[in-house]
Amino acid sequence: MHICENLSITDKLAILTAAAKYDVACTSSGTARGNNGAGIGSAVKSGICHAFAADGRCICLLKILFTNECVFDCRYCANRASNDVVRTSFTPEEVCTLTMEFYRRNYIEGLFLSSGILKNPTYTMGLLYETVKKLREEYHFGGYIHVKAIPGAAPELIEMTGWYADRMSVNLELPTTEGLKSMAPNKSRRTILAPMRQIQQGISSNRLMLSDGKSRYASDRKTIPQKGSAELAAPDGNTAVTGFRRREGRYVPAGQSTQMIIGATPENDYQIVTVAEALYKKYELKRVFYSAFVNVNRDSTLPAVDGGTPLLREHRLYQADWLLRFYGFKADDLLSPEKPDFNVLLDPKCDWALRHLDIFPVEINRADYYSLLKVPGIGVNSAKRIVKARRSARLDFGDIKKMGVVLKRALYFITCSGRMMYNTRIEEDYIVRNLLDSDRNVKNRLGGDITYRQLSFFDDSQEEMFPKTVVRDNSYGVLTGQL
C-alpha cells in the first residue's frame with residue numbers, strides 16, 4: 001500500500017473521485033428543506049440538478065471518498081487492502097473547501113461523501129461526522145448532503161451524523177449472507193443491518209415528534225457524556241470525536257438508501273427482488289440501487305462476466321424496482337422459484353401481463369386506478385390523468401395517447417368504450433411476436449445491432465439514433481420509470 005501524504009488538494013481530488021465512481025448516487029434530494037437566509041445553498045423537493053456521464057453514471061454531486069485507504073479486503077473492491085494502489089485522504093477542512101468552491105462555481109448542488117475504512121469503522125465515521133458538522137455549522141452550507149454510514153461504527157456517531165445529512169445510506173453490498181461471506185470476509189449482515197435499523201428508527205421517532213408539534217428532544221439538549229469514549233478512540237489513542245451536542249431540525253429528511261452489487265455472486269433475479277422488497281418493507285428505504293458487477297481487480301476468484309458488464313440485467317432490476325415501489329406489484333407476482341430470472345426480451349411488466357392474459361383487456365373508461373397500472377404502457381402519471389379526465393368525458397385512444405400512454409404496448413391490453421384499437425388477438429404468441437417485431441423495426445432503422453447501455457439525459461446523438469416517437473416512448477419512459 002503506497003500512502004501519499006504530500007499531495008495537493010487537486011491531486012487528492014483526482015484520486016478520490018475516481019475511487020468513488022462505483023458508488024451509485026443518482027437520486028434527487030427528496031426533501032423540501034430550504035435556506036433560512038443565513039447560509040448558502042438549499043435542497044428543494046424537485047431534486048438535484050442532474051448530469052450523467054457517457055456511461056450513464058450520475059455526476060450531479062461532488063461524489064468523493066474521504067479516503068481510499070481501507071483495512072478491509074473485499075474481493076470486488078478496487079480499494080481493498082491487498083491492492084497496490086496510491087492511497088490518500090482528505091481532511092475535513094479540505095472536503096468543506098472543495099464543496100463550497102464547487103458550489104460557488106455552479107458545478108454542483110450537493111455532496112456525496114463515502115469512505116474506505118481508515119483504522120477502524122468508528123474512527124472513520126467520526127471523521128465523516130466532523131466533516132458534515134463543519135460544513136453545516138462553520139460554512140453554513142444548506143445544500144444537499146448524502147453520507148455513507150459505516151457499518152460497525154459507534155451508534156452515537158451514526159445518530160449525530162444523521163442530524164446534519166439529508167440522506168444516509170448503508171451498502172448491503174451483496175444480496176445474500178452467503179455471498180457476503182465469500183466476497184467480503186471482514187463484513188457481516190448483522191453489522192450492515194444494525195445501522196440501517198438505527199437510521200430507520202431515528203427517522204420514525206423524529207417524524208412522530210414533529211407530527212406532535214413538540215420541540216425535538218427538548219429534555220435532551222445536552223452534551224452526550226463521554227463514558228463511551230473508549231469506543232470512539234482510534235487504535236493510536238486519539239479520540240475521533242469529542243463531546244458533541246444534538247442538533248435541532250429533521251433527522252435524515254430525505255430518507256436512507258442502499259446498494260447491491262449484481263452479478264458478483266450467483267443469486268438469481270428472484271432472490272434479489274425478494275431481498276429488495278423486504279428492505280422496503282422492514283427498513284422503509286427510499287431506494288435500493290443495483291450496480292452491475294465490474295471485475296476491476298481481475299481476480300481469478302471473482303466470476304468471469306461473459307459478454308461484459310451485465311447492464312441489461314441491471315436495467316431489468318431497476319424496472320422491477322419501480323413496479324414494487326409505485327405499481328402495487330410484489331416480488332412473487334413478477335418471479336417465482338420456477339421462473340427465477342427476468343425475460344431478456346421483454347420488460348417485467350409486459351412479461352407479467354402476458355402470463356395473466358385472463359384479466360385483459362382492461363376498459364379505460366371503467367377500470368380502477370390499480371387495474372390501469374397493471375397495463376403495459378400505462379405509467380403512474382398517465383393512470384392518474386386517465387382517472388381524472390374520464391370524470392368529465394369518455395376517452396378514446398387519441399385522448400390517452402396525449403396523456404402519455406405508450407400505445408404500441410398498451411393496445412393489446414385495453415379497450416376504449418368496449419372496442420380495441422385494432423383487430424388484435426389476446427394470445428401470448430401473437431402479442432409477443434408483434435412486440436418483438438416493433439423492436440426489430442427500430443433495429444432496422446438503425447441499420448445494425450443495438451447493444452444495451454446505460455442511458456444519459458445528455459446524449460447528443462440520441463435524437464439522431466432514434467426517431468422522435470421512439471425517443472419519447474422508450475428512453476423517456478425508462479428514465480422516468482413510466483412502464
Side-chain angles (χ1 to χ4, degrees), residues 23 25 27 30-31 66 72 112-115 117-118 120-133 136 145-174 177 180 184 186-212 216-217 219-233 240-241 243-260 275-289:
D23 270 307
T27 59
T31 180
F66 188 90
F72 289 175
F112 177 96
L113 184 61
S114 184
S115 182
I117 309 301
L118 184 64
N120 61 53
T122 294
Y123 181 82
T124 305
M125 196 71 229
L127 292 171
L128 298 183
Y129 164 72
E130 284 190 346
T131 302
V132 295
K133 180 183 178 184
R136 293 292 196 206
I145 298 179
H146 181 160
V147 181
K148 290 284 183 181
I150 307 297
E156 297 89 347
L157 288 171
I158 293 174
E159 179 194 351
M160 292 309 303
T161 303
W163 293 108
Y164 292 98
D166 290 289
R167 172 166 288 184
M168 294 187 73
S169 57
V170 186
N171 281 357
L172 193 67
E173 304 293 359
L174 295 158
T177 302
L180 194 66
N186 302 105
K187 298 179 181 179
S188 70
R189 185 55 58 93
R190 181 184 60 81
T191 57
I192 291 172
L193 295 180
M196 200 178 287
R197 178 67 73 190
Q198 179 187 352
I199 295 168
Q200 178 214 5
Q201 292 174 344
I203 294 171
S204 299
S205 298
N206 181 240
R207 189 186 301 127
L208 288 173
M209 284 285 187
L210 294 175
S211 65
D212 290 342
R216 196 200 69 74
Y217 292 131
S219 62
D220 200 16
R221 296 179 193 156
K222 60 181 182 292
T223 302
I224 295 177
Q226 289 299 297
K227 60 183 180 181
S229 58
E231 294 181 275
L232 304 182
V241 174
F244 41 68
R245 293 180 179 275
R246 295 186 185 276
R247 182 175 182 260
E248 298 298 323
R250 293 185 61 192
Y251 186 82
V252 195
Q256 65 170 324
S257 59
T258 192
Q259 177 178 338
M260 286 189 279
V275 170
E277 182 181 52
L279 290 172
Y280 283 125
K281 288 182 178 179
K282 294 180 181 179
Y283 297 92
E284 302 177 57
L285 266 61
K286 290 292 185 180
R287 287 295 303 271
V288 175
F289 291 103

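Side-chain atoms are counted along with the backbone in the values below, which use heavy atoms only and exclude waters and symmetry mates.
Residue Thr124 comes nearest to Ser115 through the heavy atom pair CG2-OG, 3.4 Å, listed as atom of the first residue, atom of the second, then distance. In terms of heavy atoms, Pro253 sits closest to Ala165 at CD-O, 3.5 Å. Closest approach of Gln259 to Asn171, counting heavy atoms only: CB-OD1, 3.5 Å. Between Tyr251 and Gly202, the shortest heavy-atom contact is CD2-C, 3.4 Å. Closest heavy-atom contact between Met168 and His146: C-NE2, 4.2 Å. Here the closest heavy-atom approach between residue Met125 and residue Lys148 is recorded as CE-O, 4.0 Å.
The shortest side-chain heavy-atom distance between Leu113 and Ile145 does not fall under the 4.5 Å cut-off.
In terms of modelled atom types and a separation under 3.5 Å, the side chain of Gln198 and the main chain of Pro155 share a donor-acceptor contact. The backbone N or O of Phe112 lies less than 3.5 Å from no partner atom in the side chain of Arg167, so there is not a single donor-acceptor pair. Not one N or O on the side chain of Thr191 forms a donor-acceptor pair closer than 3.5 Å with the backbone of Gly152. Using modelled atom types, no side-chain atom of Tyr283 and backbone atom of Leu193 make a donor-acceptor pair closer than 3.5 Å. In this structure, Gln256 contributes its side chain and Met196 its backbone to a donor-acceptor pair below 3.5 Å.
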When you look at Leu180 and Ile192, which way does the side chain to side chain contact (heavy atoms under 4.5 Å, CB included) test go after all the steps? CA-CA 11 Å; Leu180 194 66; Ile192 291 172; 3.8 Å; yes
Could you go step by step and tell me if Phe66 and Leu128 meet the side chain to side chain contact (heavy atoms under 4.5 Å, CB included) rule? CA-CA 8 Å; Phe66 188 90; Leu128 298 183; 3.8 Å; yes
Tell me, with the steps shown, if Glu130 and Lys133 meet side chain to side chain contact (heavy atoms under 4.5 Å, CB included). CA-CA 5 Å; Glu130 284 190 346; Lys133 180 183 178 184; 5.8 Å; no
Take Arg250 and Ile203, measure what side chain to side chain contact (heavy atoms under 4.5 Å, CB included) needs, and give me the verdict at the end. CA-CA 8 Å; Arg250 293 185 61 192; Ile203 294 171; over 6 Å; no
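Tyr280 contributes atom OH, which lies 11.0 Å from atom NZ of Lys286 (distance to the nearest 0.5 angstrom).
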